[in-house]
Structure formats: C-alpha cells, structure tokens
Amino acid sequence: MAEEHAVAEPVVEDIGESKSESPVEEAPGNNAASEFIAELTGKEVIVKLTSSIEYHGLLQAVDGFMNITLQNTREVYDGKLVSEFGDVFLRGSMVAYIAAA
Amino acid sequence: MPQPLDMVRALLSEEILVKLRNNRELRGTLHGYDEHCNMVLGDVEETVFSFDDNNQIQKQTARSDMLLVRGDTVILIRQ
C-alpha cells in the first residue's frame with residue numbers, strides 16, 4: 001500500500017514543472033494575478049485597504065482570500081506616515097489593491 | 001509556500017493588537033483563531049476611538065476576561 005503512494009508522487013511534481021498544453025491555461029493574462037503576486041513576493045509593496053489606509057512593506061505571503069502578511073510595515077494615510085511596526089496580517093476582505101512600491 | 005495565517009499561528013499565546021472596523025481596537029492574548037479570523041482573546045482591552053465636540057480624538061476603553069471576535073470585522077492583526 002505504501003509503495004503505491006510512493007509511485008504517485010513524481011507524477012504530481014511533473015505537472016508543476018511542465019508547461020500545460022491546455023489552451024485555457026495558455027490564454028494571455030489567465031494567471032496574471034498569481035504571477036503578479038509571485039513576482040512581488042519578497043519585494044516592497046503598497047497595500048491599500050478599502051478605508052484608504054495604505055500599508056507599505058515587504059510582501060511576505062498572500063493566500064486565496066487575499067489575506068496578506070507584510071514585514072517592516074509602515075501605515076500611511078493621506079500620504080503621511082502614521083506609524084511603523086514589524087509584521088502585520090491584513091485580512092483579505094479589506095484589501096482594495098496590492099501594488100509594487 | 002508560506003501562508004499569511006502562519007503569522008497568526010506564530011502569535012498564539014502572545015499579546016496582540018487587532019484593528020477592527022468602526023474605529024475599534026482590541027489588545028489581548030491570542031488563545032485561538034480560525035480561517036475566518038474569528039479569534040478568542042483573553043485579558044482584553046477594547047478601545048473605541050471617536051471625535052469629541054472639539055473634533056479631538058477621544059478614547060473609550062473597556063475590559064473583558066475572554067471574548068470571541070467575529071472575523072469579518074477584522075482589518076489587521078499585529079503584535
């Protein structure tokens with residue numbers, strides 16, 4: 001039983017590595033959101049919330065809800081620095097956009 | 001791939017600050033959370049910010065031994 005699992009694993013890795021031939025996946029811009037996030041991870045970003053408050057910091061992680069963690073964060077409102085703190089978690093439902101700084 | 005909620009897990013049993021909608025903040029010890037950001041906090045101080053008659057920011061505080069925060073009001077979590 002355990003051997004069957006061991007055989008299945010490399011197949012999963014293969015799908016991740018190779019380019020898919022499906023026309024849907026190759027449509028330009030289809031993966032734009034996740035590619036953009038992957039590009040920005042570890043870089044300086046601006047996250048604006050629906051309340052117009054911005055958080056500037058190093059993008060650490062994003063999930064499917066658009067929950068975001070930032071490192072070395074500055075809270076900015078109306079172009080002015082409000083406060084600074086280390087790591088923050090931002091709930092995805094409050095996010096208006098993520099932009100490269 | 002690191003997940004944003006990993007940071008919240010790392011804050012378990014730490015004192016955290018939670019910013020909520022409607023100008024509220026909670027400071028307390030994180031006892032538990034879920035994927036909606038519902039959170040159980042202990043030894044909590046709630047602060048409500050408002051403007052007084054002179055347009056100055058006014059703070060009202062309240063204390064609670066233990067409470068459950070509904071996740072949909074959460075804006076931000078930090079230490």
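Please read these numbers as outputs of a predicted model, since none were measured by experiment. Just so it is clear: chains get the letters A, B, ... in the order the sequence lines come, proteins before strands, and each one is counted from 1.
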Heavy-atom pairs under 4.5 Å with chain A: which of B:Q79, B:R78, B:E35 has the most? B:R78
Side chain, backbone, both or neither: which part of A:E75 has an atom under 4.5 Å from a heavy atom of chain B? side chain
Turns out that what part of A:V62 lies under 4.5 Å from chain B's heavy atoms comes down to backbone
Tell me, for B:V8 versus chain A, whether the close heavy atoms (under 4.5 Å) come from the side chain, the backbone, both or neither. side chain
How about B:D43 and B:R63: do any of their side-chain heavy atoms sit closer than 4.5 Å? yes
Just checking B:D52: does its CG atom have more than 12 heavy atoms from other residues, nucleotides or ligands closer to it than 6.0 angstrom? yes
Taking the side chain as everything from C-beta on, heavy atoms only, tell me whether B:V74 gets closer than 4.5 Å to B:D72. no
Members of residues 11-31 of chain B whose heavy atoms come closer than 4.5 Å to chain A: B:K19, B:R21
Please rank A:F65, A:F89, A:Y55 by heavy-atom pairs under 4.5 Å with chain B and give me the top one. A:F89
Counting only heavy atoms from other residues, nucleotides and ligands, does the tally under 6.0 Å from CG of A:L81 exceed 12? yes
Please check if the number of heavy atoms outside A:F85 that lie under 6.0 Å from its CZ is greater than 12. yes
Under 4.5 Å heavy-atom distance to chain B, tell me which part of A:L70 shows up: side chain, backbone, both or neither. neither
Pairwise side-chain contact, A:I37 with A:I98, heavy-atom cut-off 4.5 Å (strictly under): yes
If one checks every heavy atom of A:I68 against chain B at 4.5 Å, the contacting part turns out to be backbone
Mind running side-chain contact (heavy atoms from CB on, under 4.5 Å) on B:V40 and B:M66 for me, showing each step along the way? CA-CA 7 Å; B:V40 176; B:M66 189 79 79; 3.7 Å; yes
Under the salt bridge (charged side-chain N to carboxylate O under 4.0 Å, His left out) test, which residues partner B:R9, sequence neighbours left out? B:D6
Hey, is OH on A:Y77 packed in by over 12 heavy atoms from elsewhere, all under 6.0 Å? no
